[in-house]
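All remarks here apply to the structure that follows.
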Amino acid sequence: MCYGLIGEKLGHSFSKEIHEQLANYTYDLIPLSKQEFPIFIKKRDFKALNVTIPYKKDVIPYLDYIDPFAKEIGAVNTIVNKNNQLIGYNTDYYGFQYMLDRHNIHVNNKKVLVLGNGGASCAIQAVLKHKNAKEVVIVNRTKYANTISYDECYKYHTDAQVIVNTTPVGMYPNIQDAPLQLSLFSQCEAVLDVIYNPIFTSLCISAKNSNITYVGGLEMLIAQAKKSIEYFTNQTISDSIIDVLYHKMLHEHFNIVLIGMPSAGKTTIGRQLAQILHKDFIDVDEEIINISKKSIPEIFNEIHEEGFRQMETDIISNISARKNTIISTGGGVIKNKENIDFLSKNGIFVFIDRPLESLISNDPNRPLSNSVNDLKRIYHERIPLYKKYADITVKNKNSIQECINQIITDFNAL
């Protein structure tokens, strides 16, 4: 093998996709156990490597030369094999610096919490130091000389203005987890998370709900990959490619979540949209029926709407981990904010807005749509929520095709 990534668990990695779009070589993912890692490095059977969790510090003793900048950081995530001499670099520094600059997040004279003390954390600490953060507090579950515990963090540092997560807490498949309770940090201005799967973690969604600036890790991943490729190939690549690839990957990986009243056309539109955009399709109501082996009216009769909504949330918590999927939701999905938070991690919301007079249905599988009075009541209850959560709103009043075309146009413009 010539180029690739080594780490312990790589099933979630986007690195192969990024490198092969930015460079003209094949890039391999090489998961290594702690026993396999030293054997692999000692063979030196590669041209260049990236290194991820948990080997960014462990790899240093096997190198012949470490770039002074990487030595200062104390972690290496990029190795070039030059005439059988292993040279170590750190491109996480560049990736995090890009992340801050791209979103105009200023740390000068501010208190910053860094969660975690691994290889990525070392690079991030160096960036914060060079950008003159007033105080950098390292929070870690295992206590070291330069770290504090989470209990100490909650006791003394809830005045932090910037929070950076470098831990794997919240990473797929445990996407509902968060490393800390953000609501306790009343002065927080920005949250940055190096995790990129899901695209936005629970920590990021908490920041979004509190109107705090938040950034997921995909931009940092692409930026550090670009810098690695420059070391690999000894060529310069324009920074402009980072934003281009970032938006391309968002469009390819993002779910499109269709919300709207029953009979708004979500399922019909979703199936056709999935074919056009080459995405998977899933209908939440159909999933509920398949899993429960019961019709929706039967579920309502047995456990009432409250029980149905809990079943819906349980299923959505699993569906939310998917990517590149069109998700057609039930009309009441927006009644539970937890559903929105789940689906926001990998998706954007499209509100299919259909006139009230077109929504009346005799479909026995729509227990809340058969009564005109009930329909009017829930319509006026839900419309403000659909509008609140929608990233895109499309009116379904003429043809399905017009609606689909508008969704595609608006989605591509995001």
Checklist entry - I327 versus L343: any side-chain heavy-atom pair under 4.5 Å? => result yes
Checklist entry - Is M171 close to D177 at the side-chain level, that is, under 4.5 Å between some pair of heavy atoms? => result no
Checklist outcome for this item: On a heavy-atom basis, the closest approach of L115 and Y150 is CB-OH, 3.8 Å
Checklist entry - So T26 and C2, side chain to side chain contact (heavy atoms under 4.5 Å, CB included) or not? Walk me through it. => result CA-CA 8 Å; T26 299; C2 292; over 6 Å; no
Checklist outcome for this item: To the nearest 0.5 Å, atom CD1 of I378 lies from atom CD1 of I383 at 10.0 Å
Checklist entry - Heavy atoms, side chains only, cut-off 4.5 Å: are L10 and T52 in contact? => result yes
Item to check | Ion pair check, E135 and K110, cut-off under 4.0 Å | outcome: no
Side-chain donor/acceptor pairs under 3.5 Å, residues 269-278, sequence neighbours excluded:
from : atom 1 : to   : atom 2 : distance (Å)
R271 : NH2    : E286 : OE1    : 3.1
R271 : NH2    : E286 : OE2    : 2.6

Next on the checklist: Taking the ring of H157 and the ring of F185, is the distance between their centroids below 6.0 Å?
Outcome noted: no
Checklist entry - Quick one: do E312 and R309 make a salt bridge, cutoff under 4.0 Å? => result yes
Checklist entry - K395 and C403: side chain to side chain contact (heavy atoms under 4.5 Å, CB included), yes or no, with the steps? => result CA-CA 7 Å; K395 293 189 177 298; C403 193; over 6 Å; no
Checklist entry - Is any side-chain N of the basic residue among D353 and K397 closer than 4.0 Å to the acidic one's carboxylate O? => result no
Checklist entry - Does the gap between the ring centers of Y27 and Y3 come in under 6.0 Å? => result no
Next on the checklist: Is the shortest side-chain heavy-atom distance between D67 and I87 below 4.5 Å?
Outcome noted: no
Checklist entry - Angle class for the F411/H251 ring planes (parallel below 30°, perpendicular above 60°, tilted otherwise)? => result perpendicular
Checklist entry - Got a second to check how far Q310's CD is from I315's CD1, nearest 0.5 Å? => result 10.5 Å
Item to check | Neighbour count >12 (heavy atoms, 6.0 Å) for atom CG, N24 | outcome: no
Next on the checklist: Check for me whether K227 meets the cation-pi criterion with Y94, that is, NZ or CZ under 6.0 Å from the six-membered ring centre and within 45 degrees of the ring axis.
Outcome noted: yes
Item to check | Result of checking K226, Q224, E230 against T91 for side chain to side chain donor-acceptor pair (under 3.5 Å) | outcome: Q224
Item to check | Ionic contact status for K335 with E305, cut-off 4.0 Å | outcome: yes
Item to check | Salt bridge flag under 4.0 Å for residues K155 and D151 | outcome: no
Checklist entry - To the nearest 0.5 Å, how far apart are OH in Y386 and CZ in F349? => result 12.5 Å
Checklist entry - Can you tell me how far the CG atom of L385 sits from the CD1 atom of I334, to the nearest 0.5 Å? => result 4.5 Å
Next on the checklist: How long is the straight-line distance from CZ of F254 back to NZ of K323, given to the nearest 0.5 Å?
Outcome noted: 11.0 Å
Next on the checklist: As an exercise, state the distance from OG of S295 to CZ of F300, rounded to the nearest 0.5 Å.
Outcome noted: 10.5 Å
